[in-house]
Peer 1: 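To start, I am sharing the structure in question, which I have written as structure tokens.
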Amino acid sequence: PGQVHLSWQGSTETTMTVTWRSSANSGEVQYGPTASFGKSVKASSMSYHGSYLHQAQLTGLPPGGKTYYRCGTAGDWSQARAFLTAPTGATSYRYAAHGDSRTDDSSRAKVRALMQTRDPAFSLHTGDFVSSGSVQSQWDTFFTTMEPLYAVSPMLGSMGNHEGHSSNYYNQMAFPAYTPQVSGVKDEMFYSFDYGSTHFVALSSEHSPTSTDQMAVWLKKDLIKAAKDPKIRFTVVYAHQPLYSSGPHGNFTAGQKAWLHLFESFGVDVTFWGHDHTYERTKPMFQGKPVIKGGVTHIVTGGAGAPLYTAKGAFFTASVKAFYHFVEVNVAGGQMKLDTLGLDGKVFDTMTISKPGPKAKWIMDGAPDPGVKALASGGGELKGLYAGFDGRYLYVATNGGSAKLDHFILVSATKPTGLSTAPWNKAGKTWDRAAMLAMESSSGWSNWQDPNAGATTIPMGSVWKYHDSGKDLGTAWLGAG
């Protein structure tokens, strides 16, 4: 057995999928908490390019536990190895991001060897695994070179243009299934999964994305669900063609039009891309401009083996260099630290995102959010009155009737990006808080503070984030003004 690689199709806490090649027409995985194994699962096997391709999903594994395994058949087993599942509620872990591993197997092997020394729980691949997806011999070389890492640490990837929609890609990858199944949508085209406190989303830049296609509709629902999940603090997206790049390929404008507004509205923190064979990190970006607070950081990590391009930088660039590398991500509580390592093992670039509070508290989607309390109920247009307080945010909302006009008031110590404000008077004094009064309609949220100046529309599904330490101030806000 060879070309052994791990991935997830189900829960990162309780499952693992093993894929491998062999000359036998059937196979199984033996596994257990010790090297004596004790359990086995039969693989699904198919004739594949002169040999056989096998795949088996292990289920019911202990969260955060070490599982030993070997794959093959009687008399022809792989070496015994071990992997770790995600601990339940993990808030401290390490993973890696890399991409464009095609062409130069020597450089690819060096990047893999360096990644091994850092012992990531799993890795993300941003596409262009090989030069030509239809040439199986290139996949054979790729999986053989990457086996020492991928056989003990799962890899989750996204299709690149050099994969060419080849069946070789779909057959050899085992990623989460798109749910519900849709005609013409293959499981590995786009998907999402959770690991600890991070939600990961893989997209396909190779299917001419638009803002109204199946992928965009799914993406919006997926991001809103993650933003409302109290266990999720960070959201990471990865695909191949970059939305921001100063390399030869430049910005992927179709992706910008299809996805950027969703990333910026629904709390995406970091994106990883490839395509340009460089390393480039943007400044936090919002609506096409660098911002000091908030925004989305976009990273091109296209240096895992492909011929290097020229890196020049642009107005959005925070750091750029053309070299072989990978990005190591360390999550510890409310901090996500990203270090970019070159083949010398030294850190070239680093950044940290701090989010001491939950990822998001309230989503403007017309429904009461988790954590708010029902204060009153009624009939007609007032179905219910809800309130919540966390950190420095006071949220009061009414759940409307048939017209679905949900009014809300948000009092905040810091003005959320993109919203206009107006002072409130109290006993002749002006509060030092920003106050927003808005109403939801079918077209979005409109700011009502200054109707003479025109309403400010806030996109449906926008996420309210913390803008400070997240410390609960209790009733201190009552004394403002």
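Just so we're clear, the structure is a prediction, and the values are computed from it rather than from any experiment.
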Peer 1: Between His275 and Asn161, do the side chains contain an N or O donor and an N or O acceptor separated by less than 3.5 Å?
Peer 2: yes
Peer 1: Would you give me the side-chain donor-acceptor pairs under 3.5 Å for residues 106-113, sequence neighbours excluded?
Peer 2:
unit_1 : atom_1 : unit_2 : atom_2 : d
Ser107 : OG     : Asp104 : OD2    : 2.7
Arg108 : NE     : Ser101 : O      : 2.8
Arg108 : NH1    : Asp105 : OD1    : 2.7
Arg108 : NH2    : Ser101 : O      : 2.9
Arg112 : NE     : Thr145 : O      : 2.8
Arg112 : NH1    : Gln116 : OE1    : 2.6
Arg112 : NH2    : Thr145 : O      : 3.3

Peer 1: What's the shortest heavy-atom distance between Pro176 and Phe193, and which atoms?
Peer 2: CG-CB, 4.4 Å
Peer 1: If we ignore angles and hydrogens, is there a donor and acceptor under 3.5 Å between the side chains of His54 and Ser45?
Peer 2: yes
Peer 1: Side-chain donor-acceptor pairs under 3.5 Å in residues 308-319, sequence neighbours left out?
Peer 2:
unit_1 : atom_1 : unit_2 : atom_2 : d
Thr317 : OG1    : Glu280 : OE2    : 2.6
Thr317 : OG1    : Ala314 : N      : 2.8
Thr317 : OG1    : Ala314 : O      : 3.4

Peer 1: Using modelled atom types only, decide if a donor and an acceptor are shared between the side chain of Arg21 and the backbone of Ser51 within a distance under 3.5 Å.
Peer 2: no
Peer 1: For Val201, which of Leu223, Thr271, Leu262, Val268 qualifies under side chain to side chain contact (heavy atoms under 4.5 Å, CB included)?
Peer 2: Leu223
Peer 1: Just checking, any donor-acceptor pair under 3.5 angstrom between side chains of Asn330 and Tyr93?
Peer 2: no
Peer 1: Sequence neighbours excluded and cut-off under 3.5 Å, please list the side-chain donor-acceptor pairs for residues 338-347, or say none.
Peer 2:
unit_1 : atom_1 : unit_2 : atom_2 : d
Asp339 : OD1    : Lys337 : NZ     : 2.8
Asp339 : OD1    : Thr350 : OG1    : 2.6
Asp339 : OD2    : Lys337 : NZ     : 2.8
Thr340 : OG1    : Tyr279 : OH     : 3.1
Asp344 : OD1    : Lys346 : N      : 2.9

Peer 1: For the backbone of Gly334 and the side chain of Lys355, can you confirm whether one donor and one acceptor N or O come within less than 3.5 Å of each other?
Peer 2: no
Peer 1: Ignoring hydrogens and angles, tell me if any N or O in the side chain of Asp276 forms a donor-acceptor pair with the backbone of His249 under 3.5 Å.
Peer 2: yes
Peer 1: Any side-chain donor paired with an acceptor under 3.5 Å for His49 and Asn168?
Peer 2: yes
Peer 1: Would Ser131 and Thr103 count as having a side-chain donor-acceptor pair, cut-off 3.5 Å?
Peer 2: yes
Peer 1: Under 3.5 Å, side chain of Trp20 to main-chain N/O of Leu53, donor-acceptor pair present?
Peer 2: no
Peer 1: Under a 4.0 Å N-O cut-off, is there an ion pair linking Lys321 with Asp349?
Peer 2: no
Peer 1: Have Glu188 and Gln9 got a donor and an acceptor in their side chains that come within less than 3.5 Å?
Peer 2: no
Peer 1: Look only at the side chain of Gln138 and the backbone of Val135, and say whether a donor-acceptor pair between them is shorter than 3.5 Å.
Peer 2: no
Peer 1: Can a side-chain donor-acceptor contact be found between Gln172 and Gln55 if the only test is distance below 3.5 angstrom?
Peer 2: no
Peer 1: Using modelled atom types only, decide if a donor and an acceptor are shared between the side chain of Asp229 and the backbone of Lys231 within a distance under 3.5 Å.
Peer 2: yes
Peer 1: Would you tell me whether Thr88 and Glu13 have side-chain atoms, one donor and one acceptor, within less than 3.5 Å of each other?
Peer 2: yes
Peer 1: Could Glu28 and Lys39 be called an ion pair, given the rule that one side-chain N must be under 4.0 Å from one carboxylate O?
Peer 2: no
Peer 1: Between Thr301 and His325, does any side-chain donor sit less than 3.5 Å from a side-chain acceptor?
Peer 2: yes
Peer 1: Centroid-to-centroid, Tyr150 to Phe143, below 6.0 Å?
Peer 2: no
Peer 1: Has the side chain of Thr12 got a donor or acceptor atom that lies under 3.5 Å from a matching backbone atom of Trp8?
Peer 2: no
Peer 1: Between His199 and Asp222, is a side-chain hydrogen bond (donor to acceptor under 3.5 Å, both in side chains) present by the stated rule, with each step listed?
Peer 2: CA-CA 10 Å; His199 182 65; Asp222 183 80; 2.6 Å; yes
Peer 1: Just checking, any donor-acceptor pair under 3.5 angstrom between side chains of Gln136 and Tyr48?
Peer 2: yes
Peer 1: For Gly65, is there any backbone N or O sitting under 3.5 Å from a side-chain donor or acceptor partner on Thr85?
Peer 2: yes
Peer 1: Looking at Pro120, is its backbone amide N or carbonyl O close enough to the side chain of Ser153 to form a donor-acceptor pair, meaning the two atoms are under 3.5 Å apart?
Peer 2: yes
